[in-house]
Amino acid sequence: MRPVTRRQADHHAARSAATVAQVMSTLRRLLESGEAFSEISVQRILEEAGVSRATFYAHFQSKSDVLVRLTNDLRESLLAHARQWNPAAGPDALARFFEDVIKTHRLHQSLIGAVREAAAYDPTVHDFYTADLEGFDANALRSLLADQAAGLAPADLDAASASRIIVWGGAQAIAHHISVDDGSGDRTFARELARIWWHGAYRRPGTDGAAQKDGAAG
């Protein structure tokens, strides 16, 4: 048997990468045309991409695998953005953060919507989707605990519950806002969400009714 040459290996790798890109771009196009992820069959992807079933399964485990890999770069970008968030910067900075989040979600609305849809019934996509929010939740929890230790947030605040509410509830609120607003209300929505987070958890008045000391204007 003749050994595979470097040129042959490179050619095979290039063809494989082209196939993967073709399948992924096909799913993206179908989603961006308004089709629901659950209604797009593997057969439909094969026909639109012009690849065989054997070729498809040589590169992907399932239709959900295509979606996860298609969304992976976006996921990494959102996670990096979440890690840079600094709640101590104050409500105005938090509002700008939410504006950026909403902008990104609008740009990739079809992909994110498909992930949210599939997460409800597909364990693979569910784990992929919730990992983002869990990371953001952990970041919010760390910042709330740090604020409590510094005397900026009230001692009676349950930081774990508060972080869960504002992150997971905020994600639902943003998704709903994008579905009912044409974009003209994004700045106002981001501002109100930021103020709810800030005054509801980060600088909530203590049990005696006195406001916590605030190093940033609110």
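All residue numbers in this chain count up from 1 along the given sequence.
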Nearest non-hydrogen partners of [X] and [Y], listed with the distance:
X: Gln148; Y: Ala155; value: NE2-O, 3.5 Å
X: Phe37; Y: Ala114; value: CB-CB, 3.9 Å
X: Leu94; Y: Ala194; value: CD2-O, 3.6 Å
X: Gly185; Y: His177; value: O-CE1, 3.7 Å
X: Ser110; Y: Glu32; value: OG-CG, 3.3 Å
X: Asp181; Y: Arg106; value: O-NH2, 2.9 Å

Item to check | Sidechain-backbone polar pair: Thr71 side chain, Leu74 backbone, donor-acceptor under 3.5 Å | outcome: no

Next on the checklist: Can a donor-acceptor pair be found, under 3.5 Å and without considering hydrogens, that links the side chain of Ser161 to the backbone of Asp158?
Outcome noted: no

Taking a hydrophobic cluster as the set of Ile, Leu, Val, Met, Phe, Trp and Tyr residues connected by side-chain heavy atoms closer than 4.5 Å, whether directly or through intermediates, do [X] and [Y] fall within one such cluster?
X: Val20; Y: Ile40; answer: yes
X: Val101; Y: Leu133; answer: yes
X: Met24; Y: Val51; answer: yes
X: Tyr121; Y: Val66; answer: yes
X: Leu107; Y: Leu31; answer: no

Next on the checklist: Atom CZ of residue position Arg29 - does it have more than 12 heavy atoms of other residues, nucleotides or ligands inside 6.0 Å?
Outcome noted: yes

Item to check | Whether over 12 other heavy atoms sit under 6.0 Å from Gln61 CD | outcome: no

Close side-chain approach of [X] and [Y], heavy atoms under 4.5 Å:
X: Ile178; Y: Ile112; value: no
X: Lys103; Y: Asp186; value: no
X: Gln22; Y: Thr19; value: no
X: Val115; Y: Val68; value: no
X: Thr130; Y: Trp168; value: yes
X: Val42; Y: Tyr57; value: yes
X: Val180; Y: His176; value: yes
X: Ile174; Y: Leu193; value: yes

Checklist entry - Leu157 pairs by side-chain contact (heavy atoms from CB on, under 4.5 Å) with which of Leu145, Asp147, Leu144? => result Leu144

Next on the checklist: Using the side-chain contact (heavy atoms from CB on, under 4.5 Å) definition, which of the options Leu67, Leu70, Val23 pairs with Arg28?
Outcome noted: Leu70

Measure the [atom1]-[atom2] distance between [X] and [Y] for me, rounded to the nearest 0.5 Å.
X: His108; Y: Arg75; atom1: NE2; atom2: CZ; answer: 15.0 Å
X: Phe56; Y: Arg53; atom1: CZ; atom2: CZ; answer: 8.5 Å
X: Glu117; Y: Asp122; atom1: CD; atom2: CG; answer: 10.5 Å
X: Leu30; Y: Ser25; atom1: CG; atom2: OG; answer: 9.5 Å
X: Glu192; Y: Arg187; atom1: CD; atom2: CZ; answer: 13.5 Å
X: Thr26; Y: Glu48; atom1: OG1; atom2: CD; answer: 7.0 Å

Checklist entry - With Ala146, which residues qualify under side chain to side chain contact (heavy atoms under 4.5 Å, CB included), at least two apart? => result none

Checklist entry - Quick one: do Glu99 and Arg191 make a salt bridge, cutoff under 4.0 Å? => result no

Next on the checklist: One thing to verify: whether Asp65 and Arg69 come together as a salt bridge, which I'm taking to mean a side-chain N less than 4.0 angstrom from a carboxylate O.
Outcome noted: yes

Checklist entry - What residues, two or more places apart in sequence or in another chain, satisfy ring pair (Phe, Tyr, Trp, His ring centres under 6.0 Å) together with Tyr129? => result none

Next on the checklist: Test salt bridge (charged side-chain N to carboxylate O under 4.0 Å, His left out) on Glu35 and Arg44; report intermediate values, then the result.
Outcome noted: CA-CA 12 Å; Glu35 296 195 39; Arg44 176 78 185 285; 2.8 Å; yes

Checklist outcome for this item: ring-ring contact (aromatic ring centres under 6.0 Å, His included) test vs Trp197 passes for just one of Phe97, Phe98, Tyr202, namely Phe98

